[in-house]
Amino acid sequence: MAEKIGWGIIGTGNIAHQFAKGLKAVDDAELVAVGSRSQESADEFGDEFDVPNRHATYEALAGDPDVDAVYISTPHPMHIHNAVLCIEAGKAVLVEKPFTVNAADAKRILDAGRNNGVFVMEAVWTRFLPAHMKIKELVAEGAIGEVRMVQVDFGFRTQLEPEHRLFAPELAGGALLDVGVYPINMAWMMLGEPQSIVSAGDIGQTGVDEQAAFIFTYPQGELAVLSCAIRTDTRHEATIYGTEGRIHIPRHWWKAEKFTMQRGADVQEFEFPFDGNGYEYEAREVGRCLREGVLESPIMPQEDSLNIMRAMDTIRAQWGLTYPME
């Protein structure tokens, strides 16, 4: 492999901008191509980030010989088509969360990756943050005893705009897929796959969930109490309760650079400042995997992506919520 991994980005929206900014903090990576649905958009993005190859179609980006890995940042329903396109062109893919709209599409992407011998990973950037990695390490070594409960929320209030993607059923809008996936991933990191799920969702006037809550149960009585919203501003905090202590991540836990661990009267503070904007860590993990020749990351296993999509399918089924493309 070349000295620097050549990255391409499909899509030119906000999340693509965030990834491009994060990539600047990765020494062995270079943004070499961008693909959009118009030349004007590709050129505008290319000018902003000094990208040499600007493509007016996703097919052209997938066929770009300078590209080793592709970050897919298009709207949720397009992930399946964009990912398979790039995989079949032999490109490693990092697919922005949610991995897909449903588990059936997730399985299609993972099957394509295996059939073509190509690296595939979901871009749940929170999993790769140094603070979250340290928390996972502390929990694994029993620093707070056995985990008994995980409480996580992620809700913000935005104005009702029926034409916005967050409120559009045809773009799989709503709180669950957009931000609910983050608390679910935190619970999965700490407790694994749940035994059962009980949920409630508030379906707004445009037909998508505007806020929701879920309780995950586990074989030994452990609980995950989770919530998400796009019309309600919540505390944005996460707490992991163990038999001998707890770990607390303050507001904006999903971009944590610090947390505390308490055992009795003893409180320890941990700080892990970002090198860039936080998106660099998932990009580095892709690079590490590509250089080592492995097809998936142990930090974000493909089985987790598939099973989390299945869990979100279960949650939506409890509400009777389906999307037009399904």
With sequence neighbours excluded, residues passing side chain to side chain contact (heavy atoms under 4.5 Å, CB included) with [X]:
{"X": "Ala317", "value": "none"}
{"X": "Ala256", "value": "Ala131, His132, Ile249"}
{"X": "Ala106", "value": "Phe99, Thr100, Leu306, Met309"}

- Message: Taking the ring centre of each residue, are Tyr279 and Phe19 less than 6.0 Å apart?
- Response: no
Looking only at heavy atoms, what is the nearest atom pair of [X] and [Y], with distance?
{"X": "Leu31", "Y": "Ala20", "answer": "CD2-CB, 3.9 Å"}
{"X": "Lys258", "Y": "Pro250", "answer": "O-CD, 3.6 Å"}
{"X": "Ala60", "Y": "Thr57", "answer": "N-OG1, 3.0 Å"}
{"X": "Ala283", "Y": "Leu23", "answer": "CB-CD1, 3.6 Å"}
{"X": "Glu285", "Y": "Ser297", "answer": "OE2-OG, 2.7 Å"}
{"X": "Leu295", "Y": "Gly117", "answer": "CD2-O, 3.5 Å"}

- State which residues pass ring-ring contact (aromatic ring centres under 6.0 Å, His included) with Phe49; sequence neighbours excluded, sorted by chain then number. His17, Phe45
- Message: Please enumerate all residues that pass ring-ring contact (aromatic ring centres under 6.0 Å, His included) together with His81, with sequence neighbours excluded.
- Response: none
Residue pair [X] / [Y], side-chain heavy-atom distance below 4.5 Å:
{"X": "Thr260", "Y": "Ile247", "answer": "no"}
{"X": "Thr234", "Y": "Phe154", "answer": "no"}
{"X": "Glu280", "Y": "Phe274", "answer": "yes"}
{"X": "Val70", "Y": "Ile9", "answer": "no"}
{"X": "Thr126", "Y": "Phe128", "answer": "no"}

Listed pairs under 3.5 Å, donor-acceptor, residues 193-201 side chains, sequence neighbours left out:
from, atom 1, to, atom 2, distance (Å)
Ser196, OG, Thr217, OG1, 2.3
Ser199, OG, Gln318, OE1, 2.6
Ser199, OG, Trp319, NE1, 3.1

- Any pair counted as salt bridge (Lys or Arg N to Asp or Glu O under 4.0 Å), so long as it reaches residues 39-50, sequence neighbours left out: Asp43-Arg54, Asp47-Arg54
- Query: Does any pair with a residue in residues 317-326 pass salt bridge (Lys or Arg N to Asp or Glu O under 4.0 Å), and if so which ones, sequence neighbours excluded?
  - Reply: Arg316-Glu326
- Evaluate side-chain hydrogen bond (donor to acceptor under 3.5 Å, both in side chains) for Trp253 paired with His236, printing each intermediate quantity in order. CA-CA 6 Å; Trp253 68 267; His236 292 241; 5.8 Å; no
- Is Arg291 salt-bridged to Asp68, cutoff N-O under 4.0 Å? no
- Task: In plain terms, say whether Arg114 and Asp111 are close enough for a salt bridge, that is, a side-chain N and a carboxylate O under 4.0 Å apart.
- Result: yes
Please report, to 0.1 Å, the donor-acceptor pairs under 3.5 Å made by any side chain of residues 82-96, with sequence neighbours excluded.
from, atom 1, to, atom 2, distance (Å)
Asn82, OD1, Thr74, OG1, 2.6
Lys91, NZ, Asp64, O, 2.7
Lys91, NZ, Val67, O, 2.8
Glu96, OE1, Tyr71, OH, 2.6

- Message: Under the side-chain hydrogen bond (donor to acceptor under 3.5 Å, both in side chains) definition, can you give me all pairs with a residue in residues 135-145, not counting sequence neighbours?
- Response: Lys134-Glu137
- Query: What side-chain hydrogen bond (donor to acceptor under 3.5 Å, both in side chains) pairs are there with at least one residue in residues 162-176, not counting sequence neighbours?
  - Reply: Arg165-Asp178
Report all side-chain donor-acceptor pairs from residues 182-192 shorter than 3.5 Å, counting only partners two or more places apart or in another chain.
from, atom 1, to, atom 2, distance (Å)
Tyr182, OH, Trp125, NE1, 3.3
Asn185, OD1, Arg127, NE, 2.9
Asn185, OD1, Arg127, NH2, 3.0
Asn185, ND2, Val181, O, 2.9

- Counting only heavy atoms not in Arg235, do more than 12 sit closer than 6.0 Å to its CZ atom? no
- Task: Go through the steps for Asp275 and Arg284 under the test salt bridge (Lys or Arg N to Asp or Glu O under 4.0 Å), then give the verdict.
- Result: CA-CA 12 Å; Asp275 297 328; Arg284 284 178 185 155; 2.7 Å; yes
